[in-house]
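The first residue of the sequence shown is numbered 1, and numbering continues consecutively from there. The shown structure was predicted, so the numbers you read here are calculated from the model rather than taken from an experiment.
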Amino acid sequence: ACELFDKALEINPGDYDLYKKKAKIVLHNNKYEEAISLYDKAIELNPKDIFVLISKGNLLEKLGKQEEALKCYDQSIDLSPNDVELQYIKAQFLDNIGKKEEAIKCYDKILEAFPNELDAYKSKAKLLTFLMKEDEALKCIEKLIEKK
């Protein structure tokens, strides 16, 4: 299958969609560095493709390249700041790598833009409880109950 993509890319090297599709195939075959290179080329050709940025971020996260993954997530948010799902992806990533305070800030951004986003209240309260900030967690839970 990769050979077909290579031939297609020879004919049409500016087709970022081909790079994106080939990246999926090589990723499936555990060729992570090649997938990153293909994502980079797709991003170079179309820097506004949020799907590619998130896919690359997820791969970098899997490989333990936290700062690079965060950069991808931030770029995707810059392209679509009102996309609540992108904020959740970043918040969960920050939580997973132990940056709980930064994750809470992401949930605050979500709640600032979408005050009725109940999952953000739940997630924020959970993190606050983990950080032993019971008073803040309780306030968050009260807001959650108030919004229901």
Side-chain angles (χ1 to χ4, degrees), residues 1-133 136-137 139-140 143-144 147:
C2 284
E3 296 81 25
L4 294 174
F5 278 103
D6 291 339
K7 286 183 183 181
L9 286 167
E10 281 178 33
I11 296 167
N12 194 358
D15 186 345
Y16 88 98
D17 204 42
L18 290 173
Y19 289 99
K20 197 163 79 168
K21 289 176 181 172
K22 184 178 177 187
K24 278 180 150 178
I25 291 171
V26 300
L27 184 59
H28 184 71
N29 292 318
N30 299 325
K31 296 180 180 178
Y32 302 129
E33 294 304 322
E34 185 178 353
I36 291 170
S37 295
L38 291 163
Y39 285 140
D40 285 341
K41 186 63 179 174
I43 292 166
E44 179 185 316
L45 293 169
N46 184 3
K48 294 185 179 188
D49 188 323
I50 292 171
F51 174 80
V52 174
L53 286 166
I54 294 298
S55 297
K56 181 182 174 189
N58 289 341
L59 176 56
L60 290 166
E61 182 178 350
K62 181 178 180 174
L63 297 175
K65 298 180 179 185
Q66 298 172 351
E67 291 305 315
E68 292 176 63
L70 185 57
K71 187 176 171 186
C72 289
Y73 299 145
D74 284 338
Q75 285 176 293
S76 69
I77 290 169
D78 289 344
L79 291 171
S80 187
N82 293 324
D83 187 330
V84 70
E85 289 304 314
L86 298 176
Q87 290 285 352
Y88 272 113
I89 289 169
K90 180 179 176 182
Q92 289 166 350
F93 168 71
L94 290 168
D95 182 12
N96 290 343
I97 64 170
K99 295 186 176 185
K100 310 286 187 204
E101 295 285 353
E102 289 182 47
I104 290 169
K105 289 177 187 171
C106 287
Y107 291 122
D108 286 339
K109 285 181 184 177
I110 292 169
L111 292 169
E112 187 178 304
F114 304 96
N116 294 321
E117 189 63 38
L118 301 181
D119 285 337
Y121 286 107
K122 290 178 197 173
S123 298
K124 181 180 175 183
K126 183 178 129 191
L127 287 174
L128 289 166
T129 302
F130 179 84
L131 294 173
M132 308 293 279
K133 296 182 177 185
E136 289 180 58
K139 286 178 188 172
C140 200
K143 284 234 184 207
L144 173 64
K147 299 285 180 182

Only pairs under 3.5 Å count here: list side-chain donor-acceptor contacts from residues 69-76, not counting sequence neighbours, and write none if there are none.
| from | atom 1 | to | atom 2 | distance (Å) |
| --- | --- | --- | --- | --- |
| Tyr73 | OH | Gly57 | O | 3.2 |
| Tyr73 | OH | Asn58 | N | 3.3 |
| Tyr73 | OH | Asn58 | OD1 | 2.9 |
| Tyr73 | OH | Glu61 | OE1 | 2.7 |
| Asp74 | OD1 | Lys90 | NZ | 2.7 |
| Ser76 | OG | Tyr73 | O | 2.7 |

Atom pairs and distances, side-chain donor-acceptor, residues 110-123, under 3.5 Å, sequence neighbours left out:
| from | atom 1 | to | atom 2 | distance (Å) |
| --- | --- | --- | --- | --- |
| Glu117 | OE2 | Tyr88 | OH | 3.2 |
| Tyr121 | OH | Pro115 | O | 3.0 |
| Ser123 | OG | Asp119 | O | 3.1 |

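Within the 4.5 Å cutoff, no side-chain heavy atoms of Lys100 are placed close to those of Leu94. Counting heavy atoms from C-beta on, the side chains of Ile54 and Ile89 come closer than 4.5 Å. Looking at Tyr39 and Leu27, their side chains come closer than 4.5 Å, going by heavy atoms from C-beta outward. For the pair Leu79 and Leu53, the minimum side-chain heavy-atom distance is below 4.5 Å. A 4.5 Å side-chain heavy-atom check between Lys105 and Lys99 finds every atom pair outside the cut-off. Using a 4.5 Å heavy-atom threshold, the side chains of Lys31 and Ile25 count as separate.
Not counting sequence neighbours, the partners of Lys41 by the salt bridge (Lys or Arg N to Asp or Glu O under 4.0 Å) test are Glu44. In this structure Tyr16 satisfies the ring pair (Phe, Tyr, Trp, His ring centres under 6.0 Å) test with no other residue, sequence neighbours excluded. With sequence neighbours excluded, no residue forms a salt bridge (Lys or Arg N to Asp or Glu O under 4.0 Å) with Lys48.
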### Query
Please walk me through it: do Asp17 and Tyr19 pass side-chain hydrogen bond (donor to acceptor under 3.5 Å, both in side chains)?
CA-CA 5 Å; Asp17 204 42; Tyr19 289 99; over 6 Å; no
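Note that NZ of Lys20 and CG of Asp15 are 10.0 Å apart. Values are rounded to the nearest 0.5 Å. Interatomic distance, CD of Glu34 versus CG of Asn29, reported as 9.0 Å (0.5 Å rounding). Between Asp95 atom CG and Lys126 atom NZ the span is 6.0 Å, to the nearest 0.5 Å.
Annotation: ring pair (Phe, Tyr, Trp, His ring centres under 6.0 Å) contacts involving residues 42-72, sequence neighbours excluded, are absent.
Between the side chain of Asn96 and the backbone N or O of Gln92 there is at least one donor-acceptor pair closer than 3.5 Å.
When all heavy atoms of Val52 and Ala42 are compared, the closest pair comes out as CG1-CB, 4.2 Å. The shortest non-hydrogen separation linking Cys140 to Ala125 is SG-N, 3.8 Å.
Each of Asp49, Ile43, Leu38 was scored for a side-chain contact (heavy atoms from CB on, under 4.5 Å) with Lys56, with one residue passing: Ile43.
Heavy atoms of other residues, nucleotides or ligands lying less than 6.0 angstrom from NZ of Lys62 number 12 at most.
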